[in-house]
Asks: 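Right, I'll just put the structure down here and ask away after.
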Amino acid sequence: MKKVGIIGVGEYLPEKVLTNADLEKMVDTSDEWITTRTGIKKRHLAAKGQATSDLAIRAAKAALEDAGLKPEDIDLIIVATITADMPFPSVASIVQNALSARNAAAFDVSAACAGFVYALSIARQFISQGTYKHALVIGAEKLSSVTDWKDRNTCVLFGDGAGACVLGETKSGGIISTYLGCDGSNLGLLNIPAGGSRLPASHETVDNRMHYIKMQGNELFKIAVKTMTEAAQIVLKQAGLSFKDVDMVVPHQANSRIIMAVAKKLGLTEDKIYLNIDRCGNMSSASTVTALVEAVKEGKIKKGDRVLLDCFGAGLVWGACVIEW
Ligand code: COA
């Protein structure tokens with residue numbers, strides 16, 4: 001088995017920014033409520049006509065440049081997303097074409113907010129077995145396209161963006177351990193009810209606003225804290241490490257109170273946790289990867305550091321990963 005590491009990173013956040021003050025003009029909310037309940041101050045929104053693949057392509061190009069590789073060096077493209085441009089083909093196919101990555105197989109992964117860690121785990125397997133040499137793993141979302149801008153319970157939470165990593169063989173360190181899980185019994189707590197084969201789009205589904213994200217936030221909150229705590233403990237145990245060995249935790253960015261509750265349970269101090277939720281909101285599959293990219297670019301993750309990724313989302317699904325940078 002080859003050691004697999006992240007050898008290039010990139011991100012793209014759309015130019016348009018929506019602040020809490022802007023939201024105060026749209027729904028019955030306040031900057032104070034959003035900040036204290038979620039930690040979010042602003043979020044990026046894709047432009048009209050900009051699709052998820054457009055964000056993914058920008059992040060992918062940045063990651064390729066960072067890795068010093070050409071598109072033809074990539075054998076595999078995996079895009080984690082729940083907001084594909086269309087039901088099919090995949091965003092990954094669109095990215096493959098846009099990059100002219102003619103040697104790459106390409107597919108999407110749907111695991112909501114844990115999507116990036118799922119995609120990372122899959123790509124790691126392919127490279128460690130020698131099937132592929134270089135993989136592009138992207139988390140990209142245009143959640144603004146499925147957000148109900150009349151629902152204050154949800155519209156204050158989400159944003160758009162994309163992050164990408166290039167994976168390849170490494171001599172030392174790399175991805176040490178991954179852990180994925182699912183409990184489908186609670187899928188009603190967070191979903192988009194219509195638009196699939198169960199309830200195809202109709203006048204009725206549109207009139208009933210069933211193409212937007214529906215969420216039971218406070219139920220999810222409790223499950224998220226418990227699940228992310230357990231996932232972090234399991235993946236570290238698998239790696240033969242303890243929390244003292246971790247230099248930086250990059251969690252899924254759904255709510256800063258969830259993250260701090262997990263940190264408290266695990267005995268982690270705030271300086272070991274990277275957050276971008278204040279300026280990006282929750283970008284589902286794109287959250288963990290953009291936070292990882294930003295932490296690297298800001299020098300908060302350095303060579304030799306041990307990084308813990310810890311995610312939870314709709315499904316319900318979860319994923320954690322330990323990487324030596
Ligand atoms: N502005 C002002 N008030 C709001 C509001 C908003 N944007 N959204 C909800 N409220 C109100 C509610 O109507 C409720 O009022 P009521 O008590 O009069 O009924 C009150 O605030 C409390 O609502 P509640 O849902 O209990 O708040 P909360 O503290 O649980 O925070 C979330 C709501 C959504 C921020 C929080 O539950 C959360 O982050 N949940 C987890 C999200 C998650 O993990 N998602 C899955 C991973 S992506």
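Every number for a ligand or one of its atoms is a count from 1 in the order of the listing. Computed from a predicted structure; not experimentally measured.
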Asks: Is any NZ, NE, NH1 or NH2 atom of the basic residue among E294 and R279 found under 4.0 Å from an Asp or Glu carboxylate oxygen of the other?
Replies: yes
Asks: Starting from atom 28 (P) of ligand 1, what is the nearest protein heavy atom, named by residue and atom, and what distance separates them?
Replies: R37 NH1, 3.6 Å
Asks: Does V156 approach ligand 1 within less than 4.0 angstrom via side chain, backbone, both or neither, non-hydrogen atoms only?
Replies: side chain
Asks: Can you report which non-hydrogen protein atom sits closest to atom 15 (O) of ligand 1, along with the distance?
Replies: R152 NH2, 4.3 Å
Asks: Please state which protein non-hydrogen atom is closest to atom 24 (P) of ligand 1 and give its distance, to 0.1 Å?
Replies: N218 ND2, 4.0 Å
Asks: Regarding K226 and E230, does a basic nitrogen lie under 4.0 Å from an acidic carboxylate oxygen?
Replies: yes
Asks: Transitively linked via ILVMFWY side-chain contacts under 4.5 Å: L23 with I213?
Replies: yes
Asks: Which bit of I258 is near ligand 1, meaning a heavy atom under 4.0 Å away: side chain, backbone, both or neither?
Replies: side chain
Asks: Find all atoms of ligand 1 within a distance of less than 4.0 Å from any non-hydrogen atom belonging to C113, and give their numbers and elements.
Replies: 48 (S)
Asks: Just which atoms of ligand 1 are under 4.0 Å from any heavy atom in H252?
Replies: 48 (S)
Asks: Does a sphere of radius 6.0 Å around CD in E15 hold more than 12 heavy atoms from other residues, nucleotides or ligands, not counting ones at 6.0 Å or beyond?
Replies: yes
Asks: Counting only N and O atoms by type, is there a donor-acceptor contact under 3.5 Å from the side chain of W149 to the main-chain atoms of S144?
Replies: yes
Asks: Side chains of L120 and L309, heavy atoms from C-beta outward: is any pair under 4.5 Å?
Replies: yes
Asks: Look up atom 36 (C) of ligand 1 and tell me if a protein heavy atom lies less than 4.0 Å from it?
Replies: yes
Asks: Can you tell which part of N282 has a heavy atom less than 4.0 Å from ligand 1: side chain, backbone, both or neither?
Replies: side chain
Asks: I'd like to know whether ligand 1 has T38 as a neighbour, heavy-atom separation below 4.0 Å.
Replies: yes
Asks: Given the rule that I, L, V, M, F, W and Y join up when any side-chain heavy atoms are under 4.5 Å apart, are V137 and I176 in one cluster?
Replies: no
Asks: Quick one: are D151 and V27 in side-chain contact, heavy atoms under 4.5 Å?
Replies: no
Asks: Numbering the atoms of ligand 1 from 1, which are under 4.0 Å from a heavy atom of T29?
Replies: 1 (N), 2 (C), 6 (C), 7 (N)
Asks: Do K297 and D66 meet the salt-bridge criterion of a basic N to acidic O distance under 4.0 Å?
Replies: yes
Asks: For atom 39 (O) of ligand 1, find the nearest protein heavy atom and state the residue, atom name and distance (0.1 Å precision).
Replies: N255 ND2, 2.7 Å
Asks: Return the residue, atom name and 0.1 Å-rounded distance of the protein heavy atom closest to atom 31 (O) of ligand 1.
Replies: R257 NH2, 3.6 Å
Asks: Does the protein come close to atom 17 (O) of ligand 1 - that is, does one of its heavy atoms sit below 4.0 Å from that atom?
Replies: no
Asks: Does the distance from a Lys or Arg side-chain N to an Asp or Glu carboxylate O, for E72 and K70, drop under 4.0 Å?
Replies: no
Asks: Considering heavy atoms of the protein only, find what lies nearest to atom 47 (C) of ligand 1 and give residue, atom and distance to 0.1 Å.
Replies: F312 O, 3.7 Å
Asks: Which residue and atom name correspond to the protein heavy atom nearest atom 41 (C) of ligand 1, and how close is it?
Replies: G217 O, 3.5 Å
Asks: Quick one: does D160's side chain have a donor or acceptor within less than 3.5 Å of a partner on A46's backbone?
Replies: yes
Asks: Counting heavy atoms only, which part of L190 comes closer than 4.0 Å to ligand 1: side chain, backbone, both or neither?
Replies: side chain
Asks: Can you sort out which atoms of ligand 1 are near L220, meaning under 4.0 Å from one of its heavy atoms?
Replies: 45 (N), 46 (C)
Asks: Nearest to atom 8 (N) of ligand 1, what protein heavy atom do you find, and at what distance?
Replies: W33 CH2, 3.3 Å
Asks: Taking NZ, NE, NH1 and NH2 as the nitrogens, is one of them in D31 or K41 under 4.0 Å from a carboxylate oxygen of the other?
Replies: yes
